[in-house]
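Remarks on the structure that follows.
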Amino acid sequence: MNFNLDRRGLLKAGAAAGVLAATGMPAVAAPKKGGTLRLGLAGGNTSDAWDGRTHSDTFMILMAHGTVFDCLTEVGADGQLKGELAESWEATPDAKTWTFNLRQGVTFHNGKPFGADDVLESLALHTAEDSKSAAKPIVASIESMKKITDHQVQFTLAAGNADFPYLMSDYHILMYPAGQIEEAMAKGIGTGLYQVQEFDPGVRAYVTRYADHYKDDAGWFDAVEAISINDAAARMNALMTNQVDAINRVDFKTEALLKRNPNVEIFEVTGNQHYTFPMHTNAEPFNDANVRNALKYGINRQELVDKILLGHGAVANDHPIGPANQYFAADLEQTAYDPDKAKYYLQQAGLTSLDVDLSASDAAFAGAVDAAQLFQASAGAGGININVVREPADGYWSNVWLKKPFCACYWSGRATEDWMFSTAYEAGVPWNDTYWENARFNELLLSARAELDSAKRGEMYHEMQAITRTDGGTIVPMYANYVDAHSTKLARPDKIGNLWQMDSSRITERWWFA
């Protein structure tokens with residue numbers, strides 16, 4: 001029996017040994033093949049590569065998963081999980097052992113057939129001793145992997161995880177050809193809809209449709225050209241002057257200009273994207289929770305939503321779980337701007353005032369420098385003196401994030417609570433960008449992951465959000481909608497994905513020319 005469940009359904013059903021199988025996309029007007037899609041994208045860096053372990057921003061996320069490479073599973077635009085290189089999967093009742101049935105007849109762009117060996121070698125990349133992959137905590141949870149047949153693999157986890165099939169859709173966990181991984185990373189050899197023809201890191205990528213791809217109901221363009229345009233004004237201008245067909249991260253300051261252009265359409269979705277200011281909790285003065293709380297009470301969240309997002313978002317509460325998540329703690333007491341409380345927490349830390357540097361660049365998120373300056377102004381009333389350090393956009397993610405003790409950052413959010421927490425808040429994981437550790441939080445993380453009772457799981461995630469809010473090293477002032485724009489020459493499906501920018505970074509797969 002084959003059936004398809006959304007995440008809520010998957011958790012309600014536990015992980016009983018049913019088979020979750022791929023279904024097609026929702027019915028829409030018949031797409032048309034042809035043309036070259038030109039994308040103007042923020043998020044390109046000169047350090048970019050086809051190594052999925054390093055992908056952290058839109059340019060490479062979009063050009064890799066769903067374009068040049070595939071994952072085992074894919075979250076559809078409707079939020080339902082479906083197969084990509086895996087056709088179906090099943091689990092033991094404790095959600096600890098998962099068997100994936102792989103798609104047959106698939107080839108890599110160099111002609112090599114895809115099979116079980118490719119899965120095992122691709123996953124092993126993330127647990128190598130020197131690996132800095134953001135997906136390391138996901139793959140490290142696998143106690144053993146074994147090839148059953150050429151097109152069937154079995155994973156035994158250290159502990160039950162009802163979300164495991166979702167985690168296999170992570171954009172870092174790309175499938176590479178076994179025995180040829182180094183070459184595949186150098187040249188961009190995947191099983192995706194498009195094959196690499198040219199790639200200049202931080203500048204441009206040009207790919208063409210791969211003949212006879214197994215997805216015959218997706219990938220409508222003959223070719224895709226992605227151009228790195230990190231400057232927001234240049235990106236908007238490129239779209240308005242017909243140099244590109246679609247752009248990500250609309251600059252809210254010039255949104256009105258785009259709206260007045262009859263050849264441009266803005267598309268906006270609400271997801272779990274949130275803008276943050278991470279503090280290194282292993283460095284002074286941020287190693288004191290009182291200092292962290294002083295800074296949390298020193299930021300005027302509503303002002304940032306009004307002035308930076310121009311209303312395209314909502315106030316957040318210093319944890320990473322968003323309104324699109326199942327266990328979002330909407331009733332958690334809101335941390336609000338309060339200079340007196342900021343002063344109180346400074347006193348608890350033995351301080352009468354605080355001087356800190358805050359690194360920011362609009363590479364972190366559109367308006368990040370302005371947001372840092374607004375933070376500077378509001379914090380001053382609480383005795384906190386913030387020195388805003390403007391950082392260059394190029395290399396921000398390799399030179400500033402994870403390196404500087406207080407900076408601007410953004411997160412797309414994740415489809416499940418465990419996925420988000422285990423990616424960026426679990427002790428010791430590569431993308432824990434505050435180096436935060438909390439024993440109770442980590443205990444709950446492990447318990448909730450294996451808990452198949454939805455009500456109990458919800459209680460645990462509620463407590464984890466509360467712990468993060470009061471003790472965590474991340475200031476999360478706002479949720480930001482994804483606001484992108486495209487030429488009216490493009491046509492799109494009825495439903496747009498909200499996991500990442502640009503239709504969950506699947507625009508090259510799902511859209512077409514009208």
Looking only at heavy atoms, the pair that brings Phe221 and Thr508 closest together is CD1-O, 3.8 Å
Listed partners of His312 passing side chain to side chain donor-acceptor pair (under 3.5 Å), at least two apart: Glu255, Glu268
Aromatic contact, Phe286 with His280 (centres under 6.0 Å): no
Could you tell me if Asp484 and Asn248 have a donor-acceptor pair between their side chains, going purely by distance under 3.5 Å? no
In terms of ring plane angle, is the pair Phe277 and Phe375 parallel, tilted or perpendicular, where the classes change at 30° and 60°? tilted
Apply the salt bridge (Lys or Arg N to Asp or Glu O under 4.0 Å) test between Arg510 and each candidate in Asp503, Asp217, Asp494; give the one that qualifies. Asp503
Kindly assign one of parallel, tilted or perpendicular to the pair Phe199 and Trp50, based on the angle between their ring planes and the thresholds 30° and 60°. tilted
Between Tyr479 and Phe328, what is the ring plane arrangement, given parallel below 30°, perpendicular above 60°, and tilted in between? perpendicular
Whether the side chain of Ser505 engages the backbone of Ile61 through a donor-acceptor N/O pair (distance < 3.5 Å, no angle test) should be reported. no
Any donor-acceptor N/O pair, Gln195 side chain to Val68 backbone, under 3.5 Å: no
Ring-face cation contact, Tyr410 with Arg249, 6.0 Å cut, 45° max: yes
In short, Arg457 meets Ala448 closest at the heavy-atom pair NE-O, 2.8 Å
Closest approach of Asn317 and Leu332, non-hydrogen atoms and distance? ND2-O, 3.8 Å
Residue list, side-chain contact (heavy atoms from CB on, under 4.5 Å) with Lys307, at least two apart or on another chain: Glu303, Leu374
Is the ring centre of His462 less than 6.0 Å from the ring centre of Tyr327? no
Would you compute the distance between atom SG of Cys407 and atom CG of Asp357 and round it to the nearest 0.5 angstrom? 12.0 Å
Quick one: sort the Tyr425 and Phe441 rings into parallel, tilted or perpendicular, breaks at 30° and 60°. tilted
Under the ring pair (Phe, Tyr, Trp, His ring centres under 6.0 Å) test against Trp500, which residue among Trp411, Tyr482, Tyr171 passes? Tyr171
Examine distances only and state if a side-chain atom of Arg414 and a backbone atom of Trp419 form a donor-acceptor pair shorter than 3.5 Å. no
CG of Asp433 to CG of Leu402, rounded to nearest 0.5 Å, is 6.0 Å
Mind listing the closest non-hydrogen atom pair of Ala95 and Ala162 along with its distance? CB-N, 4.1 Å
Do side-chain atoms of Lys136 reach the backbone of Val429 as a donor and acceptor pair under 3.5 angstrom? no
Check: Leu125 and Ile181 side chains under 4.5 Å, non-hydrogen atoms: yes
Between Phe100 and Trp98, how do the two ring planes meet: parallel, tilted or perpendicular, split at 30° and 60°? tilted
Short side-chain donor-acceptor distance under 3.5 Å, Asn432 and Thr434: yes
Not counting sequence neighbours, which residues clear side chain to side chain donor-acceptor pair (under 3.5 Å) with Asp318? List them please. Arg301
From the list Trp397, Tyr275, Trp401, Phe252, ring pair (Phe, Tyr, Trp, His ring centres under 6.0 Å) partner of Phe365 resolves to Tyr275
Pairing residues for Lys215 by the salt bridge (charged side-chain N to carboxylate O under 4.0 Å, His left out) criterion, not counting sequence neighbours: Glu74, Glu84, Glu509
State, to 0.1 Å, how close Ala329 and Gln465 come at their nearest heavy-atom pair, and which atoms those are. N-OE1, 2.9 Å
Listed partners of Arg38 passing salt bridge (charged side-chain N to carboxylate O under 4.0 Å, His left out), at least two apart: Asp245
Provide the closest heavy-atom pair for Ala238 versus Ile229 in the form atom of the first, atom of the second, distance. CB-CD1, 4.0 Å
Under the rule for side chain to side chain donor-acceptor pair (under 3.5 Å), what residues qualify as partners of Asn272, not counting sequence neighbours? Asn325
